[in-house]
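Every number for a ligand or one of its atoms is a count from 1 in the order of the listing.
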Amino acid sequence: MPDRDMTTTVSLVEHPEAGAASAACTAQPSMVVRAEQAIAAACAQLGRCLQQLGPHFPGDTSRGNYFAPAVWPEEPDGVNSSWTAGFWTGLLWMAHELSGEARFGTAAAAQLDGYSRRLERRFVVDHHDLGFLFMPSCVAALRQGPQPLAHATALQAAALLMTRYLPRAGVVQAWGRLEDPAQRGRIIIDCLLNLPLLHWAAGQGGAAEMREAAISHAQRSREHLVRPDHSSFHTFHFDPETGAPLHGTTAQGASDQSCWARGQAWGLYGFSLNHRWVPEQGFLQTACQLADHFLALLPEHGIACWDMSFPPEAGEPWDSSASAIAACGLMDIAEQLPAAEAERAQRYRAAADRILDGLLRHCAGWDAPGNALLRHGVYSKPDGLGVDEASLWGDFFFLEALARRARGWTPFWHPPAALSSSPISTLTPTPTPV
Ligand code: GLY
């Protein structure tokens, strides 16, 4: 991927940290060099975090920028219980691939057994986030070589995800038990990143219907989660009996009609990823529409406000994780655009660099106290959860964006064939988990 010189001038008035930091804007090394340096710093930070946590999973978000072990009242320590667990295992796999350090691979491999047990016990799996859980953990493990347990576990997870498919509506229900009237027939935009698990499984001997279900869900998402102005609803409700589309709502945004920043980022990256699995469906065009809307609302410094309906001067908290996800998505779209769209591709690459520049300047966790990679995220502002904190997904997509930028690294969400373009070749084989 060609590099470009980054000497961005930022003007940041709406965030307390931004003013001080902007004074330090001077000529910088190229973004490839900066991303490579950041990967080294991130892996060192992850090593410290791993040492502090040992076998325990971190919580969804940090407290004061420190990840502490997740606590689940009736479960033993170290339990794999949240929808975010896969990001922790995935961070360890990523660090293993990027640094070649065996300690990361050993720690990730040791967690695989817990994914299998979690499925067997049906422990907190009444939701659609099985792609987030099982792609960066069990499917990612297969990049190290054949691993029967991880392979079988990921296939079982996909089969469980399929049980959430509502054929009349043609969608995968997001949250809760299928008979729960409050949740029945509801989808959320994040699910676009869970669909690769269905595509992967269909290609690995799973039921062919998985692929059809994934396509149908992405089509319904395009029709109903994306608004005419190319902003997005966080969630949308269907009548599960008739399949009729009902209305859009939010759970984590400012209002039903607002543009929740992380949702818009999930959407632009999610449609791009779905295009990789089924290029004939035109999902790349939708990804571009969502990307253009995201960029139109993004402040110059590249860090999104948690809900994009607020003007930057409103002083609302940033959600750095939305920007990290968007940077991955913009690079993903740019890679797939045809030659005739070279100018658009270059615009998206430049925007991804602008975002990375902002994240490195203002949010890098290794520049401040704490054990996280990416500060200044928001989990759910309406619920007062993880506001101005790091999150596991923020850390994950920040490292993914850096790896893609510096090394053209192939993410875990891509079809396995894409691995042929991955430059990683210096890995120490990790032991198969027992
Ligand atoms: N997928 C849940 C979230 O983005 O908060």
May I have a table of the N/O to N/O pairs between ligand 1 and the protein that fall below 3.5 Å, each row giving the two atom names and the distance to 0.1 Å?
unit_1, atom_1, unit_2, atom_2, d
ligand 1, 1 (N), D190, OD2, 2.5
ligand 1, 4 (O), D190, OD2, 3.3
ligand 1, 4 (O), R262, NE, 2.8
ligand 1, 4 (O), R262, NH2, 3.3
ligand 1, 4 (O), W266, NE1, 2.9
ligand 1, 5 (O), Q252, NE2, 2.9
ligand 1, 5 (O), R262, NH2, 2.5

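Salt bridge D353/R405: present, at least one basic N to carboxylate O contact under 4.0 Å. At a threshold of 4.0 Å, the pair R375-E389 does not count as salt-bridged, since none of the basic side-chain nitrogens sits closer than that to a carboxylate oxygen. A salt bridge is absent between D180 and R184; no separation between the charged side-chain nitrogens and carboxylate oxygens falls under 4.0 Å. Salt-bridge check for R404 with D332: passed, with a basic side-chain N closer than 4.0 Å to an acidic carboxylate O.
Residues H199 and V278 come closest through the heavy atom pair CE1-CG1, 3.7 Å.
Between F398 and W393, the gap from one ring centroid to the other reaches at least 6.0 Å.
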